[in-house]
Amino acid sequence: MGIQGLLPFLKKIHKAVNISQFKGCTVAIDAYCWLHRGAFACADKLALGEKTDMYVYYCMKYVDYMLKCGIKPILVFDGCHLPSKKEVEKSRRERRDLNRKKAAEFLREGRRAEARDCLQKCIDITPQMALELMNVCRDRGVDCIVAPYEADAQLAYLNKSGIAQVIITEDSDLLLFGCKQVMFKMDFHGNGILIEQNDINQVLEIQQGFYTFDKFRHLCILSGCDYLASLPGIGLATACKVFKKTRLTDIRILLKKLSSYLKKNVVVSNEYIENFIKAENTFLYQLCYDPIKRQVVPLNDYPPEIVKDELKYAGSYPFI
DNA sequence: GGCACTTGTTACAT
DNA sequence: TCTCAACAAGTGCC
């Protein structure tokens, strides 16, 4: 998930922080991360359909800690699946089904430890489980937002618009969506690591005056992301080299010249280039909910030259 | 040696 | 019928 290896790649700019440093701030949280960890503890009960709300109280432990620190938490949940992710969803479901069948097999043979192992691999967070957490939060006066599409874009919107000063997640994609401050790996003591957008070029080392955030987004997409698989043999380090060499800003032209930058033959089809643009549009214009205006808006304003057709598959064009 | 990619382990809690 | 895994170590390529 996210960008393969992005967090270790940015190690140089990791800052050890404690959430209590953000006293007085509003912090938006990728609720799925906590739900998933909480569900892990009761994977067997969930898989066997036994009643449990352990995952809700796991999440509330974090919420209560933040309230105690004088922080205002906002929990953000995923909404609709992106049309472009249909195939991914299908393969995940198939993998879960397979593990569920294997678990049943192990149980019949009395091999309980192996069965539990498989049950943990087929954890899925249902909308029902998310709803239970939302209900407990709302009873406690804690705000929750369900994103029109992915929570990632919604979290970025809250951060960019100044509603939330910090984002808590485990997904490196949040940096690509344009968050200013993202905290990863937060534990029960509130300890975690902070990555700030302003520090990114300390790692990329693109020549002063030529670095833009667009280049960071481009090199991440090129290295492979959720919306577009990488070209064979290209990861973060190789993608970064390309953007250090060139001053081209037109990504279509840059991609066509990829072979000359890499000094090896890479096939860049027109289809790949079009899919690259669609992937980027998903990072730029995915639909979000503005809780102040009370309406659905794109993460960033549409530029005048945008081609509506390119947005259709990206959950970024309204009224489709 | 640096890099991309594969594989095995851990996560949770009692 | 129901929402996303991440990391370290090891391998093999250029």
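Every chain is numbered from 1 and lettered A, B, ... according to where its sequence line falls, protein lines coming before strand lines.
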Just to be sure I understand the rule, does [X] reach a base, reach only the sugar-phosphate, or reach nothing, if contact means heavy atoms closer than 4.0 Å?
{"X": "A:Ala130", "value": "base"}
{"X": "A:Leu236", "value": "sugar-phosphate"}
{"X": "A:Glu150", "value": "nothing"}
{"X": "A:Asp152", "value": "base"}
{"X": "A:Glu170", "value": "sugar-phosphate"}

Choosing from [options], which nucleotide comes nearest the side chain of [X]?
{"X": "A:Phe40", "options": "C:dA6, C:dC2, B:dC12", "answer": "B:dC12"}
{"X": "A:Ala41", "options": "C:dC2, B:dC12, B:dA4", "answer": "B:dC12"}
{"X": "A:Arg37", "options": "B:dC12, C:dC4, B:dA4", "answer": "B:dC12"}
{"X": "A:Lys241", "options": "B:dC12, B:dC3, C:dC7", "answer": "B:dC3"}
{"X": "A:Gln120", "options": "B:dC3, C:dT3, B:dC12", "answer": "B:dC12"}
{"X": "A:Arg95", "options": "C:dA5, B:dC3, C:dT3", "answer": "C:dA5"}

Do we see A:Tyr58 stacking on the base of B:dC12, given a limit of 5.5 Å between centres and 30° between planes?
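Here A:Tyr58 fails the 5.5 Å or the 30° condition.
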
Does a nitrogen or oxygen in the side chain of A:Arg93 sit under 4.0 Å from OP1 or OP2 of C:dT3?
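No, because none of the side-chain N or O atoms of A:Arg93 sits under 4.0 Å from OP1 or OP2 of C:dT3.
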
What is the distance, rounded to the nearest whole Å, between atom [atom1] of [X] and atom [atom2] of [N]?
{"X": "A:Lys121", "N": "C:dC4", "atom1": "NZ", "atom2": "P", "answer": "17 Å"}
{"X": "A:Asp53", "N": "B:dA13", "atom1": "CG", "atom2": "C1'", "answer": "15 Å"}
{"X": "A:Leu155", "N": "C:dC4", "atom1": "CG", "atom2": "C1'", "answer": "13 Å"}
{"X": "A:His14", "N": "C:dA6", "atom1": "NE2", "atom2": "P", "answer": "14 Å"}
{"X": "A:Ile3", "N": "C:dA5", "atom1": "CD1", "atom2": "C1'", "answer": "15 Å"}
{"X": "A:Lys263", "N": "B:dC3", "atom1": "NZ", "atom2": "P", "answer": "15 Å"}
{"X": "A:Asp78", "N": "C:dC2", "atom1": "CG", "atom2": "C1'", "answer": "14 Å"}
{"X": "A:His36", "N": "B:dC12", "atom1": "NE2", "atom2": "C1'", "answer": "11 Å"}

For B:dC12 and C:dA8, measure between their P atoms and round to the nearest Å.
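Looking at atom P only, B:dC12 and C:dA8 are 15 Å apart.
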
In whole angstrom, give me the gap between the C1' atoms of B:dA11 and C:dA5.
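Going atom to atom, C1' in each nucleotide, I get 9 Å.
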
Select from A:Pro8 and A:Arg96 the residue whose nearest nucleotide in DNA chain C is closer to the 5' end of that strand.
A:Arg96

By nearest heavy atom, map A:Gly2 and A:Leu35 onto DNA chain C; which one lands nearer the 5' end?
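Taking each residue's closest nucleotide, the earlier one in sequence belongs to A:Leu35.
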
Any sub-3.5 Å donor-acceptor pair from [X]'s side-chain atoms to [Y]'s backbone N or O?
{"X": "A:Gln154", "Y": "A:Tyr289", "answer": "yes"}
{"X": "A:Glu170", "Y": "A:Lys185", "answer": "yes"}
{"X": "A:Asp44", "Y": "A:Arg116", "answer": "no"}
{"X": "A:Asp290", "Y": "A:Gln295", "answer": "no"}

A:Lys278 to A:Tyr227, cation-pi by 6.0 Å centre distance and 45° axis angle:
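Verdict for A:Tyr227: no cation-pi partner in A:Lys278.
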
Determine, stepwise, if the pair A:Arg92 / A:Asp124 fulfils side chain to side chain contact (heavy atoms under 4.5 Å, CB included).
CA-CA 10 Å; A:Arg92 279 176 186 147; A:Asp124 59 337; over 6 Å; no

Say whether A:Asn300 and A:Lys160, considering side chains only, have a donor N or O and an acceptor N or O under 3.5 Å apart.
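The answer is yes; a qualifying pair exists.
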
Should the side chain of A:Asp30 and the base of C:dC4 be counted as holding a donor-acceptor pair, with the cut-off at 3.5 Å?
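Per atom types, the contact qualifies.
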
Along DNA chain B (nearest heavy atom to each residue), the more 5'-positioned of A:Ser230 and A:Phe188:
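Here A:Ser230 is the residue nearer the 5' end.
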
